Number of protein chains: 2
Amino acid sequence: MTHNRYIVIVGCGRLGSHLANQLSRGGDSVVVIDRDHATFGNLSADFSGFRVEGDATQMSVLREARLNRADILIATTHKDNINLMAAQVARRIFGVSHVLARVFDPRREAVYTRLGIDTICPTSLAAGMFLAAVSGESKEEGGARP
Amino acid sequence: MTHNRYIVIVGCGRLGSHLANQLSRGGDSVVVIDRDHATFGNLSADFSGFRVEGDATQMSVLREARLNRADILIATTHKDNINLMAAQVARRIFGVSHVLARVFDPRREAVYTRLGIDTICPTSLAAGMFLAAVSGESKEEGGARP
């Protein structure tokens with residue numbers, strides 16, 4: 001009743017480490033890559049995956065993470081360019097079938113989509129939630145949503 | 001068919017400016033506060049609200065934004081402490097009825113809630129979306145979600 005996939009996560013900040021912990025707990029084999037060794041402190045004690053310290057835009061680092069074996073790559077760093085680079089290399093060179101990336105600039109989403117990369121934009125998500133939370137609080141009757 | 005509320009937005013970065021533009025377009029009266037004048041460049045040409053340059057943790061700045069008139073305050077800066085401070089002051093001192101804040105550290109959400117502040121955590125939102133996007137891709141039949 002558990003997953004058993006090989007998942008490479010780029011970036012071990014708040015988002016990356018949270019995903020790594022959750023997916024590892026669910027039975028997936030997880031490898032986390034981060035340039036900053038200190039970020040591995042975000043991983044929980046029961047994290048059973050591997051840590052690779054290095055720059056995920058370097059082929060040697062991606063090879064060390066055995067990206068060729070990966071079912072899924074998730075790029076979660078705070079830099080859109082790094083996420084795009086890692087995601088593209090995963091898709092094109094290592095043939096990873098499912099590639100997802102965090103993207104901060106919503107204008108870049110179209111580019112990612114054309115490259116076969118699924119994107120999630122926290123800013124757009126948060127904006128949508130804020131707008132939903134304040135919608136319907138009109139002073140007028142029957143006010144339209146903004 | 002439009003809104004007609006008085007909304008104060010703290011922070012004019014990607015999220016704050018997006019909300020300001022959308023809400024202004026929907027007919028709300030919007031005031032945006034930011035310490036950095038350059039961020040006002042994120043506002044669209046048709047933004048019809050006001051810009052207040054200053055530190056939103058200062059009473060004088062909040063008074064200048066006429067926070068006492070506000071129906072809604074939305075704190076969107078990148079700093080949880082600033083968002084919490086502005087949100088608390090809006091709620092307690094200016095009596096703003098609906099106060100929302102972006103919070104990056106999910107562990108702080110409970111504190112905000114106790115203070116009567118609605119929170120939206122982009123990291124949690126993004127994490128939920130990523131987990132949903134990769135769920136069900138189990139190599140085993142009937143794999144449970146992580």
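In what follows, chains carry the letters A, B, and so on, assigned in the order in which the sequence lines appear, proteins first and then strands, with residues in each chain numbered from 1. From a predicted model like this one, the values you see are computed outputs, not experimental measurements.
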A.B. asks: Evaluate whether atom CZ of F40(A) has more than 12 neighbouring non-hydrogen atoms of other residues, nucleotides or ligands under 6.0 angstrom away.
C.D. replies: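 Counting other residues, nucleotides and ligands, CZ of F40(A) exceeds 12 neighbours.
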
A.B. asks: Rounded to the nearest 0.5 Å, how far does CZ of F130(B) lie from CD1 of I72(A)?
C.D. replies: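 One gets 11.5 Å once the value is rounded to the nearest 0.5 Å.
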
A.B. asks: For chain B, which candidate among A101(A), G16(A), S24(A) shows the most heavy-atom pairs at distances under 4.5 Å?
C.D. replies: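 Max contact count across the listed options: A101(A).
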
A.B. asks: So which part of L100(A) gets closer than 4.5 Å to some heavy atom of chain B, the side chain, the backbone, both or neither?
C.D. replies: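 Looking at L100(A), backbone and side chain both touch chain B.
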
A.B. asks: Measure L125(B) against the heavy atoms of chain A and call it side chain, backbone, both or neither at under 4.5 Å.
C.D. replies: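 Backbone plus side chain of L125(B), per the 4.5 Å heavy-atom cut-off to chain A.
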
A.B. asks: In terms of hydrophobic clusters joined by side-chain contacts under 4.5 Å, are V52(B) and F94(B) together?
C.D. replies: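 In one cluster with V52(B): F94(B), yes.
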
A.B. asks: For residues V31(B) and V99(B): do they belong to one hydrophobic cluster (side chain heavy atoms under 4.5 Å, members Ile, Leu, Val, Met, Phe, Trp, Tyr)?
C.D. replies: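 V31(B) clusters together with V99(B).
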
A.B. asks: Are V10(A) and V61(A) connected, step by step, through hydrophobic side chains (Ile, Leu, Val, Met, Phe, Trp, Tyr) whose heavy atoms are closer than 4.5 Å?
C.D. replies: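 Looking at the clustering, V61(A) is in the same group as V10(A).
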
A.B. asks: How many angstroms lie between atom CG of L23(B) and atom CG of L131(A), to the nearest 0.5 angstrom?
C.D. replies: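 With rounding to 0.5 Å, CG (L23(B)) is 5.5 Å from CG (L131(A)).
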
A.B. asks: Take H18(B) and T123(A) through the test side chain to side chain contact (heavy atoms under 4.5 Å, CB included) and record every step on the way to the result.
C.D. replies: CA-CA 9 Å; H18(B) 179 79; T123(A) 312; 5.9 Å; no

A.B. asks: Among the clusters formed by ILVMFWY side chains lying less than 4.5 Å apart, do F47(B) and I74(B) turn up in the same one?
C.D. replies: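 Hydrophobic grouping puts F47(B) with I74(B).
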
A.B. asks: So how far is it from M129(B) CE to C121(A) SG, rounded to the nearest 0.5 Å?
C.D. replies: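 Interatomic distance, M129(B) CE to C121(A) SG, rounded to 0.5 Å: 10.5 Å.
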
A.B. asks: Tell me, out of P122(A), G13(A), A126(A), who's got the most heavy-atom pairs with chain B below 4.5 Å.
C.D. replies: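 With the most close heavy-atom pairs to chain B, the winner is A126(A).
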
A.B. asks: Tell me if the CZ atom of R35(A) is crowded by more than 12 foreign heavy atoms within 6.0 Å.
C.D. replies: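 Counting neighbours around CZ of R35(A), 12 or fewer heavy atoms of other residues, nucleotides or ligands fall under 6.0 Å, so no.
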
A.B. asks: Please check this pair: side chain of R5(A) against backbone of V134(B), looking for a donor-acceptor N/O pair closer than 3.5 Å.
C.D. replies: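 Judged by distance alone, yes, a pair lies under 3.5 Å.
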
A.B. asks: Take atom CZ in R66(A); do more than 12 heavy atoms of anything else shown fall under 6.0 Å from it?
C.D. replies: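 No - once you tally the heavy atoms of other residues, nucleotides and ligands closer than 6.0 Å, there are 12 at most.
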
